[in-house]
There are 2 protein chains.
Amino acid sequence: MVVDESSDETVDRLFHALADATRRDIVRRCVRAELSVSRLAEAYPMSFAAVQKHVAVLERAGLVTKQRSGREQLVRTDPDAVGRAHRALDALASAWRGRVDRMARLLAEDPGREENDPTEGSER
Amino acid sequence: MVVDESSDETVDRLFHALADATRRDIVRRCVRAELSVSRLAEAYPMSFAAVQKHVAVLERAGLVTKQRSGREQLVRTDPDAVGRAHRALDALASAWRGRVDRMARLLAEDPGREENDPTEGSER
DNA sequence: CTCATCTACAACCATTTGGTTGTACGTTAA
DNA sequence: TTAACGTACAACCAAATGGTTGTAGATGAG
């Protein structure tokens with residue numbers, strides 16, 4: 001049950017998880033080091049249970065994973081997660097993005113020959 | 001009033017706006033064509049007022065703009081919006097990717113050849 | 001063993017969200 | 001002018017969110 005990375009509900013969970021400053025901060029912290037939920041909770045002005053819930057949201061979104069180590073639960077940001085978010089954004093506006101990228105490049109490098117309609121270009 | 005593109009609340013609004021399939025679809029549709037709110041509403045199994053609210057959420061997040069044309073209100077996806085979302089993601093995991101560090105070093109040591117767009121480079 | 005620590009989870013609460021309907025107002029067409 | 005259309009907005013509602021406290025189960029230290 002791989003759940004298809006680009007299904008609506010998957011993308012919903014992904015962006016929803018990112019739509020909170022505390023959760024983004026957790027992701028940031030756990031990129032560099034594995035931290036127990038208790039350690040994380042010390043960093044925020046809220047209860048342990050609240051942080052636990054935030055971690056659960058991130059986990060369901062696939063942004064972090066938990067690994068048991070003794071009595072602690074170590075949280076780690078999934079290295080692929082940000083890439084997945086990027087791909088979701090690209091899928092969102094890929095047609096437009098191809099056009100704008102090309103326009104930007106043309107304007108920057110070689111102004112004067114923009115006559116190819118790129119409305120349906122790069123799928124990267 | 002520029003509101004600082006990377007403030008917590010700005011990013012909150014951005015990702016929250018993207019965390020709904022209907023809203024993502026509106027963004028997708030209005031990338032290619034300006035559509036009135038009524039036209040948009042026809043596409044979804046919900047009331048006009050509901051679509052109106054979705055558009056309002058997208059507008060507060062800076063993802064779309066509305067422009068009056070007669071009695072219609074035309075909705076258009078902001079060309080910069082997806083770029084802003086990309087940048088927010090990059091800022092989130094820059095430490096892990098080492099991207100910002102590398103960019104900083106390049107800019108410091110060898111200013112003038114930053115022409116390899118790093119927003120679209122390494123994927124793992 | 002005993003105690004402190006870390007986690008899990010339930011119950012509860014206030015606020016927000018996503019939807020509805022209804023009303024009012026400006027604009028275009030007949 | 002009148003009727004139809006497109007929009008704005010308020011009031012309302014159910015469900016989800018984000019927080020709390022409290023209780024209970026594992027695990028490690030002394």
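In what follows, chains are A, B, ... by sequence order, proteins preceding strands, each numbered from 1. Worth knowing before you read on, the calculation uses all heavy atoms, side chains too, and leaves out hydrogens, waters and symmetry mates.
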First of B/L74 and A/G70 reached from the 5' end of DNA chain D, by closest nucleotide:
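Closer to the 5' end of DNA chain D: B/L74.
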
Start at the 5' end of DNA chain D and walk down; is the nucleotide closest to A/A50 or to B/K66 reached first?
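Of the two residues, B/K66 wins.
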
With respect to the side chain of B/A49, which nucleotide from D/dT20, C/dA8, D/dC9 is positioned closest?
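Looking only at side-chain atoms, B/A49 lies closest to D/dC9.
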
Identify which nucleotide among D/dT17, C/dG18, C/dT7 has an atom closest to any side-chain atom of A/E72, counting heavy atoms from C-beta outward.
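Of D/dT17, C/dG18, C/dT7, C/dT7 is nearest to the side chain of A/E72.
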
Verify the contact: side-chain N or O of [X] to OP1 or OP2 of [N], cut-off strictly under 4.0 Å; return yes or no.
{"X": "A/R71", "N": "D/dG25", "answer": "no"}
{"X": "A/R68", "N": "C/dC6", "answer": "no"}
{"X": "B/Q52", "N": "D/dA8", "answer": "yes"}
{"X": "A/K53", "N": "D/dA16", "answer": "no"}
{"X": "B/S38", "N": "D/dC5", "answer": "no"}

Rounded to the nearest angstrom, tell me the gap between atom [atom1] in [X] and atom [atom2] in [N].
{"X": "A/D20", "N": "D/dA16", "atom1": "CG", "atom2": "P", "answer": "19 Å"}
{"X": "A/E42", "N": "C/dT7", "atom1": "CD", "atom2": "C1'", "answer": "14 Å"}
{"X": "A/H54", "N": "D/dA16", "atom1": "NE2", "atom2": "P", "answer": "18 Å"}
{"X": "B/L35", "N": "D/dT7", "atom1": "CG", "atom2": "P", "answer": "11 Å"}
{"X": "B/E34", "N": "D/dG6", "atom1": "CD", "atom2": "C1'", "answer": "16 Å"}
{"X": "A/F48", "N": "C/dA8", "atom1": "CZ", "atom2": "P", "answer": "7 Å"}
{"X": "B/D12", "N": "D/dT17", "atom1": "CG", "atom2": "P", "answer": "15 Å"}
{"X": "A/E9", "N": "D/dA16", "atom1": "CD", "atom2": "P", "answer": "12 Å"}

Using a heavy-atom cut-off of 4.0 Å across all strands, would you classify B/T22 as base, sugar-phosphate, or nothing?
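Counting heavy atoms under 4.0 Å across all strands, no contact is made by B/T22.
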
Students often get this wrong, so: under 4.0 angstrom with heavy atoms, is B/S47 touching a base, only sugar-phosphate, or nothing?
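Touches a base.
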
From [X] atom [atom1] to [Y] atom [atom2], the distance as rounded to the nearest 0.5 Å:
{"X": "B/R60", "Y": "B/H16", "atom1": "CZ", "atom2": "NE2", "answer": "8.0 Å"}
{"X": "A/R68", "Y": "A/Q73", "atom1": "CZ", "atom2": "CD", "answer": "4.5 Å"}
{"X": "B/L58", "Y": "B/R24", "atom1": "CG", "atom2": "CZ", "answer": "11.0 Å"}

A/S69 (side chain) donor-acceptor with A/E72 (main chain) under 3.5 angstrom
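No: the side chain of A/S69 does not pair with the backbone of A/E72.
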
Think A/R29 forms a cation-pi with A/Y44, using NZ or CZ under 6.0 Å from the six-ring centre and within 45 degrees of its axis?
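Checked: cation-pi criterion met.
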
